[in-house]
Number of protein chains: 2
Amino acid sequence: MPVSPIAPLSQMMAEYSDPSQCPVRNVLDQLGDKWSVLIISALAHRPYRFGELKREISDISQRMLTQTLRDLQADGLIERTVFPTTPPSVEYKLSPMGHSFLVPLSAMVDWAFEHFPAIREARQEFARAA
Amino acid sequence: MPVSPIAPLSQMMAEYSDPSQCPVRNVLDQLGDKWSVLIISALAHRPYRFGELKREISDISQRMLTQTLRDLQADGLIERTVFPTTPPSVEYKLSPMGHSFLVPLSAMVDWAFEHFPAIREARQEFARAA
DNA sequence: CGGCATCCTATTGGATACTG
DNA sequence: CAGTATCCAATAGGATGCCG
């Protein structure tokens, strides 16, 4: 099985003596949180308004939706457009960079779907052995 | 830019009414934590002993190293081998499934390296605007 | 409708000390 | 060496109420 090269950890660690400056940690910390992937997945198909997202991701709190959207906007992955109607309407959509992120993200998602049965079995086996 | 299809969120949500059963959330919650990626990246090159890993990932605590290794082992991504020497020696290495995970992981890592400058700029711009 | 501010709880994770 | 156990601080995140 061909394995794409991962930058050696020693290089990652050496190059960024301050771990908070490591690009990988920096980016994955944000995108690996509880909600970012779900929001990006939703926006992959079409733009959404705030309330639409809230309903679509039914178990997210308003607080975390607001916060995660703001973080993703700060990172330049999504764009926020306010329509000054009454009542106000705010649309969120992926930026070009956000779209480019769908490529590695869908690779992860596909892997997760494909290996989830094996992972679940491994967990049960591990629990039995313990 | 071709975008691989992501399973529609509505399908993900509908198929797994209990969000904790969603494969994507389930797998990514574990692998998206603070240390899993670093450990897997280290083990991508060769097996490591516990103390070696501790030194390599210099800012991980012993507690989190133990715990993350156990979780990754439970998920079947790494294998743990005890050599009953004195003093004892324990080797960790990627399982075949762990190796297969390197494919999507390296895609994410590559994306992070490539887009980190743009993300940092976006963050600064966002901070200025606020 | 699309938020923000506050409070409060649960979880995460570091530091430290001890063990086979 | 390779952990385990305990304590404690920081953070994440839900619930609720208010606002333009």
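Here is how names work: the chains are called A, B, and so on, in the same order as the sequence lines, proteins then strands, and each is numbered from 1. On a predicted model such as this, the values are computed, not experimentally measured, just so you know.
- Rounded to an integer number of Å, the gap from A:Tyr48 OH to C:dG3 P is 17 Å.
- Distance B:Asp29 CG to C:dT11 C1': 13 Å, rounded to the nearest Å.
- Whole-Å rounding puts the B:Leu65 CG to D:dG3 P distance at 8 Å.
- Over its length, the helix from C:dC1-D:dG20 to C:dG20-D:dC1 turns its helix axis by 50°, as judged from the five terminal pairs at each end, rounded to 10°.
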Could you go through nucleotides 13-20 of chain D and list every protein N or O atom that sits under 3.5 Å from one of its N or O atoms, giving the distance for each pair?
unit_1: D:dG13; atom_1: N7; unit_2: A:Arg63; atom_2: NH1; d: 3.1
unit_1: D:dG13; atom_1: N7; unit_2: A:Arg63; atom_2: NH2; d: 3.4
unit_1: D:dG14; atom_1: OP2; unit_2: A:Ser61; atom_2: OG; d: 2.7
unit_1: D:dG14; atom_1: O6; unit_2: A:Arg63; atom_2: NE; d: 2.8

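- Straight-line distance from the CD atom of B:Glu91 to the C1' atom of D:dG3: 17 Å, rounded to whole Å.
- Side-chain heavy atoms closer than 4.5 Å link hydrophobic residues (I, L, V, M, F, W, Y) into clusters, and following such links, possibly through other members, connects B:Met108 to A:Phe116.
- A distance of 9.0 Å separates CZ of A:Arg80 from CZ of A:Arg70, quoted to the nearest 0.5 Å.
- For B:Tyr92, a side-chain nitrogen or oxygen approaches OP1 or OP2 of D:dG3 to under 4.0 Å.
- The closest donor-acceptor contact from the side chain of A:Lys54 to the backbone of A:Ile60 lies under 3.5 Å.
- Taking the side chain of B:Arg49 as heavy atoms from C-beta on, and the options D:dA2, C:dG3, D:dG3, the nearest nucleotide is D:dA2.
- The side chain of A:Arg80 places an N or O atom within less than 4.0 Å of a non-bridging phosphate oxygen (OP1 or OP2) of C:dG3.
- Rounded to an integer number of Å, the gap from A:Phe50 CZ to C:dG2 P is 8 Å.
- Side-chain contact between A:Val27 and B:Trp111 is present, with at least one heavy-atom pair separated by less than 4.5 Å.
- Residues A:Asp33 and A:Ser36 bring a donor and an acceptor atom of their side chains to less than 3.5 Å of each other.
- Taking atom CG on B:Asp71 and atom P on C:dG13, their separation rounds to 10 Å, with Å as the unit.
- Nearest heavy-atom pair, A:Ala44 versus A:His99, reported as atom, atom and distance to 0.1 Å: O-NE2, 4.3 Å.
- A cation-pi arrangement is present between A:Arg46 and A:Tyr48, with the terminal nitrogen or guanidinium carbon under 6.0 Å from the aromatic centre and inside a 45° cone about the axis.
- Listed pair A:Arg70 / C:dG3 fails the phosphate criterion, with no side-chain N or O lying under 4.0 Å from OP1 or OP2.
- The backbone N or O of B:Arg55 lies less than 3.5 Å from no partner atom in the side chain of B:Ser58, so there is not a single donor-acceptor pair.
- For B:Glu114, there are no side chain to side chain contact (heavy atoms under 4.5 Å, CB included) partners, not counting sequence neighbours.
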